[in-house]
Amino acid sequence: MSRVTARRRMRRITPSGEIVRPDTLAVEEPLEIRVRGESLTVTMRTPGHDIDLVHGFLFGETLIGAAADIHSARYCAGTDDEGRNTYNVLDVGLHAPIVLPDRPFLTTGACGLCGRTALDEVRMRSRYPLPAPQPLLDAEVLAALPDRLRAHQSVFDATGGLHGAGLFTADGTGLVVREDIGRHNAVDKVIGWALRENRIPASDLVLVVSGRASFELAQKAVLAGIPVLAAVSAPSSLAVDLADESGLTLAGFVRGETMNIYTHPERIRGIGATG
């Protein structure tokens, strides 16, 4: 399996002069996902936890509903110039036949969907309606989760170039953290882990992401039945619209003792009832 970091020569410019030295970078490689030998998609990802990634991706595309729908997942085909397996082609065997979609995936920025169309499609594809908003966790616990996520981002420490995602319980216990060059891949990896651990729907968990909360990340939380999504950075307008309509509690700019709650604050104890 390829390493998750690589060394490359660089020239660092400083006020006191130039320094030429190697730098540690996050590895980015393609992963082709096949179903019964037929190519489904190619995603750029950081190698590692590919089985979780594939489970999460197929679940998010509603091509599977449970880990038991997959009977095999094996690396195949791809080789480098020296004939070594690149581990960049993963073929998935499913128990039941499916018709592979001939449309762009909703999780890509180039999906061509917008506004109402996107919201309606997520609603139609949701298997697990979110529970009615009611107190789930304390504001102090929520505020601490980004730091707990950050403490487990070892590859980010080395490279500064990876997104992180994690699933936490309501008392702040971390269950799983994954890193990836793509924020959507990091989320697919933790949701794939939860699917394999029979934790879907994850109606008692909180999804924390290290960057912004885009529509695609809110969508993945809703489809997995996760009631709270917390992001270190900003949400997009469509992510807020989806969260509002779906019953998802969406928090952004969760940093230190401050945060913005955009939708359904009822799940957060310690948040005032005004507004």
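Heavy atoms only: backbone and side chains are in, while hydrogens, waters and symmetry mates are out.
Smallest separation of non-hydrogen atoms from Leu162 and Ala26: CD2-CB, 3.5 Å. Scanning all heavy atoms of the two residues, the minimum distance from Ala143 to Gly256 falls at CB-O, 3.3 Å. Closest heavy-atom contact between Val177 and Leu149: CG1-CD1, 3.7 Å. Among all heavy-atom pairs drawn from Leu248 and Ile226, the shortest one is CD1-O, 3.2 Å. When every heavy atom of Gly225 is checked against every heavy atom of Pro201, the shortest pair comes out as CA-CB, 4.3 Å. Taking all atoms of both residues into account, the shortest heavy-atom contact from Ala186 to His163 is CB-O, 4.2 Å.
Rounded to the nearest 0.5 Å, atoms NE2 (His55) and CD1 (Ile70) are 3.5 Å apart. Residue Glu28 holds its CD atom at 5.0 Å from CD1 of Ile181, rounded to the nearest 0.5 Å. Atom CD in Glu216 sits 7.5 Å away from atom CZ in Arg183 (nearest 0.5 Å). Residue Asn185 holds its CG atom at 9.0 Å from CZ of Phe57, rounded to the nearest 0.5 Å. Rounded to the nearest 0.5 angstrom, Ile268 CD1 and Leu136 CG are separated by 7.0 Å. Taking CH2 of Trp193 as the start and CG of Leu167 as the end, the distance is 7.0 Å to the nearest 0.5 Å.
Arg36 places a side-chain N or O within 3.5 Å of a backbone atom of Leu94 that can act as its donor or acceptor partner. A donor-acceptor contact shorter than 3.5 Å links the side chain of Asp171 to the backbone of Thr173. Looking at Thr263, its side chain does come within 3.5 Å of a backbone N or O of Leu250 through a donor-acceptor pair. No donor-acceptor pair closer than 3.5 Å links the side chain of Asn260 to the backbone N or O of Gly252. Between the Lys189 side chain and the Ala165 main chain, no donor and acceptor come within less than 3.5 Å of each other. With Thr43 contributing its side chain and Leu31 its backbone, the two residues share no donor-acceptor pair below 3.5 Å. Put simply, the side chain of Asp69 gets close to the backbone of Ala66: a donor and an acceptor are under 3.5 Å apart. For Arg255 (side chain) and Val232 (main-chain N/O), a donor-acceptor pair under 3.5 Å exists by modelled atom type.
For the pair Pro22/Arg9, no side-chain contact is recorded, criterion being any heavy-atom separation below 4.5 Å from C-beta on. A 4.5 Å side-chain heavy-atom check between Val254 and Leu145 finds every atom pair outside the cut-off. Side-chain contact between Leu58 and Leu40 is present, with heavy atoms from C-beta onward closer than 4.5 Å. When side chains are defined from C-beta on, Arg267 counts as touching Leu130, because their heavy atoms get closer than 4.5 Å. Contact check for Thr169 versus Leu205: side-chain heavy atoms found under the 4.5 Å cut-off. Looking only at side-chain heavy atoms (C-beta outward), Arg7 and Leu25 stay at 4.5 Å or farther from each other. Looking only at side-chain heavy atoms (C-beta outward), Asp204 and Arg199 come within less than 4.5 Å of each other.
When the shell of 6.0 Å around CZ of Arg21 is examined, it contains more than 12 heavy atoms from other residues, nucleotides or ligands. Within a 6.0 Å sphere centred on CZ of Arg74, other residues, nucleotides and ligands contribute 12 heavy atoms or fewer.
Ile98 and Val92 fall within the same hydrophobic cluster, defined by Ile, Leu, Val, Met, Phe, Trp and Tyr side-chain heavy atoms under 4.5 Å apart, directly or through other members.
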Chi angles and distances behind the side chain to side chain contact (heavy atoms under 4.5 Å, CB included) call for Ile19, Arg11: CA-CA 6 Å; Ile19 302 171; Arg11 185 181 301 271; over 6 Å; no

Worked check of side chain to side chain contact (heavy atoms under 4.5 Å, CB included) between Ile51 and Arg196: CA-CA 10 Å; Ile51 301 300; Arg196 297 175 67 202; 3.8 Å; yes

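If you run salt bridge (Lys or Arg N to Asp or Glu O under 4.0 Å) between Arg45 and each of Asp188, Asp50, Asp52, only Asp50 comes through. Put simply, the residue from Val187, Val190, Leu53 that forms a side-chain contact (heavy atoms from CB on, under 4.5 Å) with Arg178 is Val190.
The pair Asp23-Arg12 fails the salt-bridge criterion, with no side-chain N (NZ, NE, NH1 or NH2) lying under 4.0 Å from an Asp/Glu carboxylate O.
The closest side-chain donor-acceptor pair between Thr46 and Glu179, if any, does not fall under 3.5 angstrom.
Note: Tyr75 and Tyr87 have perpendicular aromatic rings, judged against thresholds of 30 and 60 degrees for the angle between ring planes.
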